[in-house]
Amino acid sequence: MLQFRFSTVLKELLQTNLKRPLTGSRHKTWLPIHYCFGTTSFDARSVSKLKVLHAGVHRPMLCSSRAYCTKTEGAVQLDEPVKKDASGDGPAGDKRRNAGILPSLEDLLFYTIAEGQEKIPAHKFITALKTTGLRTGDPRLKECMETLKETLKNTADGVTLDKHLFKKCVQSNIVLLTQAFRKKFVIPDFQSFTSHIDELYESAKNLSGGQVADYIPQLAKFSPDLWAVSLCTVDGQRHTVGDSKVPFCLQSCVKPLKYAIAVHDHGTEYVHSFIGKEPSGLRFNKLFLDEDDKPHNPMVNAGAIVCTSLIKQGASNAEKFDYVMNFLNKMAGNEYVGFSNATFQSERESGDRNFAIGYYLKEKKCFPEGTDMTSILDFYFQLCSIEVTCESASVMAATLANGGFCPITGERVLSPEAVRNTLSLMHSCGMYDFSGQFAFHVGLPAKSGVAGGILLVVPNVMGIMCWSPPLDKMGNSVRGIQFCTDLVELFNFHNYDNLRHFAKKHDPRREGGDQRQHTFGPMDYESLQQELALKAPLWKKVSPTESHQDSSTTVVYRMESVGERN
């Protein structure tokens, strides 16, 4: 993986800086130091000599959009405001460079990819970009990709970019690109992680058990050999393997999504005045209610039918359908969301059990007043017949993992309340009669469907969609269950894998898969102070503070400059 190499790229700049006296005799400033353990993209020891060091950017646990660093042009003179210069060119940029200040982020990115060359082939930049997990079709990179395409048309060879043209292409997305190449995404070693995913995929591919669902004729037409896995992280890193572009119907995988929409619109109290929160302990299509004459939860058919009646009450089915499709499109980052009319017709013609449940619910007055039960069943069948691909569904799952914000558009789609409720119910009730076993062994929120899909959420990390039509006796994808189980055996994604004193698994959220969390003790602070004293003798520590955020540790020191450089 490409890394910023300060010691080689900025050697001359550092030497120039070290020879330049500090302005004034004594200045005070705050110097945040992102002190990483293991292999790191930026060497803290090398840059500790600089006047001002950019702080490492930390990912929040659950936030509205990923916290990327503010676009900046390099170090800032002490006690002076930041002056933005988008391109780093022009009088302002020249003045800073002549003063020996660090180059722009665009410059650093160019040096990283060029590796000593004066020009960069466009394909080399694209290849390097893909290794970070980003795609050229990412909506956040639209301006960069469009500028790159237009710029190459006007170059002599139509292939290479010099530094000026490269900076012109990347400046609109420099913050995101810098985060990617500095390995500041949630999965820093993305290529290493995806190689493990591919191995787990191949292992599950060898399974041959299970039967394709045939009680809905359209489902029986799918080949039992189809098998795909797609993932999308909360930073928008993407990976896919297998038949990931083949459309299939969500079926029961739509249940948590429409429940999330209902809670988003009406709130928890209103929705659960009609539906319970407990696992039923019975088959998903049983005609059975709890002691309050309510469906047990939104993940069984009775609860899902009632939940369907809560969406856009009073509107026509056409308006309701468009409303839900709009939500799902936003959750999928505007990737493929379709509709199978053949499956819808097949569902309605073979839906006697669901009609029986509907009439039972009507008899027990489970619907909001004035509900047309047969119309609601039509809408219910329509939602089950919504099509996705593994790729688009993985973005939906990632939106849940990201607290309701779509990772690849940054748009808020669902409220935090809706996401929390949805993940809670997926964890306890999402896998039919296998829900308890799945919670025990995998420990992650998930929802399966009879089309063979498993929507899996790793909170604050990623969303995954597995799809393979052959089902076990519980109605879950055979290959999908195996993949999820193997995933958690390898990585510490289980809800309780990170308890203290547990045997540690691989943690892909830490660079190099480091298994250990480092905590500072008194001796660590002392050692760090000594290192700072050796590497930056003109700075002294005044007072340390420690803060924890996500899996990173930030140590903030108040520094004073003393004397002038020799």
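Along the sequence shown, residues carry numbers from 1. Only heavy atoms go into these numbers, but all of them, side chains included; no hydrogens, no water, no symmetry mates.
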Is a side-chain N or O of [X] found less than 3.5 angstrom from the main chain of [Y], in a donor-acceptor match?
X    : Y    : answer
H264 : S415 : yes
S203 : E199 : no
H123 : T160 : no
K447 : C253 : no
D486 : E489 : no
S468 : G452 : no
S392 : Y336 : yes
T422 : A418 : yes
D235 : Q237 : no

inquiry  = Is the ring pair W227/F483 parallel, tilted or perpendicular, if the boundaries are 30 and 60 degrees?
reply    =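 Plane angle over 60°, so perpendicular.
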
query = Which word best sums up how the rings of F327 and Y323 line up, parallel for under 30°, tilted for 30 to 60°, or perpendicular for over 60°?
reply =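 Perpendicular: the ring planes of F327 and Y323 meet at over 60°.
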
ask   = Going through the distances and angles, do F434 and Y432 end up as a ring-ring contact (aromatic ring centres under 6.0 Å, His included)?
value = CA-CA 5 Å; F434 192 68; Y432 299 125; over 10 Å; no

Side-chain contact, heavy-atom cut-off 4.5 Å: [X] with [Y]?
X    : Y    : value
F185 : T233 : no
Y201 : R479 : no
V388 : L328 : no
M465 : T389 : no
P298 : L425 : yes
V488 : H441 : no
V413 : F405 : no
K183 : D189 : yes

ask   = Salt bridge check: are K330 and E411 linked by an N-O gap of less than 4.0 Å?
value =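 Yes.
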
message = One thing to verify: whether K153 and E150 come together as a salt bridge, which I'm taking to mean a side-chain N less than 4.0 angstrom from a carboxylate O.
response =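 Yes, charged N to carboxylate O under 4.0 Å.
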
With a 3.5 Å cut-off and no angle check, do the side chains of [X] and [Y] form a donor-acceptor pair?
X    : Y    : answer
K168 : Q171 : no
S195 : D198 : no
R509 : N492 : yes
K130 : T127 : no
Q251 : E347 : yes
S104 : D107 : yes
S385 : T343 : no

Can you tell me how far [atom2] of [Y] sits from [atom1] of [X], rounded to the nearest 0.5 angstrom?
X    : Y    : atom1 : atom2 : answer
N301 : C307 : CG    : SG    : 12.5 Å
I126 : K124 : CD1   : NZ    : 13.5 Å
L257 : L250 : CG    : CG    : 6.5 Å
Q437 : M431 : CD    : CE    : 11.5 Å
L105 : R182 : CG    : CZ    : 8.5 Å

Grab the two heavy atoms, one from [X] and one from [Y], that are nearest each other, plus how far apart they are.
X    : Y    : answer
N173 : C144 : OD1-CB, 2.9 Å
A228 : G242 : CB-C, 4.1 Å
S230 : T240 : OG-OG1, 2.7 Å
C466 : C484 : SG-SG, 4.2 Å
D497 : F491 : OD2-O, 3.6 Å
E335 : R238 : OE2-NH1, 2.8 Å

inquiry  = Is there a side chain to side chain contact (heavy atoms under 4.5 Å, CB included) between L129 and L141? Walk through the geometry before answering.
reply    = CA-CA 11 Å; L129 181 67; L141 293 176; 3.9 Å; yes

inquiry  = Between F344 and F381, is the ring-ring contact (aromatic ring centres under 6.0 Å, His included) condition met? List the steps.
reply    = CA-CA 6 Å; F344 165 61; F381 295 139; 7.1 Å; no

task = Check R135, K142, R140 against D138 for a salt bridge (charged side-chain N to carboxylate O under 4.0 Å, His left out) and give me the one that passes.
result =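 When salt bridge (charged side-chain N to carboxylate O under 4.0 Å, His left out) is applied between D138 and each of R135, K142, R140, only R140 qualifies.
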
message = Evaluate V229 against W467 for side chain to side chain contact (heavy atoms under 4.5 Å, CB included), listing each step before the verdict.
response = CA-CA 7 Å; V229 173; W467 175 61; over 6 Å; no

key: T268 and E417: CA distance, side-chain angles, deciding distance, side-chain hydrogen bond (donor to acceptor under 3.5 Å, both in side chains) verdict   = CA-CA 8 Å; T268 303; E417 176 188 14; 2.5 Å; yes

key: Candidate pair F438 and H427, rule ring-ring contact (aromatic ring centres under 6.0 Å, His included), full reasoning   = CA-CA 8 Å; F438 194 87; H427 186 89; 8.6 Å; no

ask   = Does the side-chain hydrogen bond (donor to acceptor under 3.5 Å, both in side chains) test come out yes or no for N206 and E202, once each step is laid out?
value = CA-CA 7 Å; N206 295 326; E202 291 297 332; over 6 Å; no

task = Apply ring-ring contact (aromatic ring centres under 6.0 Å, His included) to F321 and F339, showing your working.
result = CA-CA 10 Å; F321 183 76; F339 177 71; 5.2 Å; yes

task = Begin from the C-alpha positions of T399 and N402 and carry the test side-chain hydrogen bond (donor to acceptor under 3.5 Å, both in side chains) through to its verdict.
result = CA-CA 5 Å; T399 299; N402 199 32; over 6 Å; no

query = Hey, which of S252, C429, S428 is the one that makes side-chain contact (heavy atoms from CB on, under 4.5 Å) with M299?
reply =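 Single pass found, and it is C429.
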
message = Please determine whether side chain to side chain contact (heavy atoms under 4.5 Å, CB included) holds for the pair K258 and I311, giving the CA-CA distance in whole Å, both sets of side-chain angles, and the decisive distance to 0.1 Å.
response = CA-CA 8 Å; K258 64 184 173 186; I311 298 173; 3.8 Å; yes

task = Give the intermediate values and the outcome of side chain to side chain contact (heavy atoms under 4.5 Å, CB included) for residues V271 and D265.
result = CA-CA 9 Å; V271 172; D265 288 345; over 6 Å; no

request  = Assert yes or no for the condition that the ring centre distance of F125 to F166 is strictly below 6.0 Å.
outcome  =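 F125 vs F166: aromatic centres under 6.0 Å.
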
